[in-house]
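One-based numbering, in listed order, for ligands and for the atoms of each. Small disclaimer: the values here were computed from a predicted structure and weren't measured.
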Amino acid sequence: MTASSAGAFISFEGGDGAGKSTQIKLLADAIRDAGREVVTTREPGGSPGAEAIRKLLLEGSADKWSPVTEALLMSAARADHLERIIQPALARGAVVITDRFADSTMAYQGLAGALGEKTVIALYDLVVGNRGPDLTLILDLPIEEGLKRAGATGGQEQRFESKGAAYQEKVREAFLEIARREPDRCFVVDASGSAEKVAARIRNIVEKKLPALFNA
Ligand code: TMP
């Protein structure tokens with residue numbers, strides 16, 4: 001990394017089981033190979049405080065939280081994550097890649113859930129403001145495939161997967177809608193096929209949008 005490198009903030013979004021973690025690892029390795037510091041992180045979570053909130057959010061029954069409480073918990077986790085992990089990393093010139101960010105709140109709580117867009121936008125203005133991602137990659141996959149992959153990973157964090165296929169279909173549509181609204185920032189990536197094929201699609205977009213990352 002050169003002293004003058006500017007930080008860059010990239011988020012990955014998409015339905016459950018779209019292969020985000022594999023793709024984040026591949027992209028992070030490619031950017032590190034080009035000589036940059038890369039911080040990979042996730043939401044909800046990413047900082048110790050936000051990871052504690054993650055546990056509250058992802059374990060338990062589907063109706064454990066009301067829509068507004070759920071969005072407030074997501075936002076509280078995001079505020080801590082931004083303050084303690086993302087902003088300091090960007091300030092020292094690192095590339096931050098997060099597995100989910102605020103578009104997930106718009107998709108899951110705002111557009112597919114019962115909260116509505118206005119509240120989500122108000123929370124965004126409060127917590128994120130102009131500190132949002134430079135580039136967002138939305139991994140798109142038919143929901144049956146995504147749920148199969150997500151189910152295969154198992155574990156306790158099944159609260160959102162357990163909300164059913166109709167909800168997941170709405171989430172998929174919501175991400176596509178977000179991409180239509182913000183075409184300069186958001187790019188939809190076909191997440192079907194081998195990990196290598198998907199990685200090549202992603203690399204293509206990142207090289208065009210943030211060429212400096214590969215010319216450190
Ligand atoms: P993941 O770590 O497997 O992606 O799981 C996180 C779950 O939390 C996923 O089902 C999406 C959900 N989620 C929201 O509903 N709203 C949010 O703002 C975020 C960050 C995640």
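Residues R172 and Y167 bring no donor and acceptor atom of their side chains to less than 3.5 Å of each other. Side-chain N/O atoms of D16 and Y108 include a donor and acceptor closer than 3.5 Å. Defined by atom type and a distance below 3.5 Å, a donor-acceptor pair is missing between the side-chain atoms of E43 and S104.
Applying the side chain to side chain donor-acceptor pair (under 3.5 Å) rule to pairs touching residues 113-127 yields E117-R181, sequence neighbours excluded.
A search for ring-ring contact (aromatic ring centres under 6.0 Å, His included) contacts involving F101 returns F9, not counting sequence neighbours. Every residue two or more places apart in sequence or in another chain that forms a side-chain hydrogen bond (donor to acceptor under 3.5 Å, both in side chains) with S11 is listed here: T136.
Closer than 4.0 angstrom to ligand 1 lie heavy atoms from D16, K20, E43, P44, R54, L58, M74, R78, R100, S104, T105, Y108, Q109, F160.
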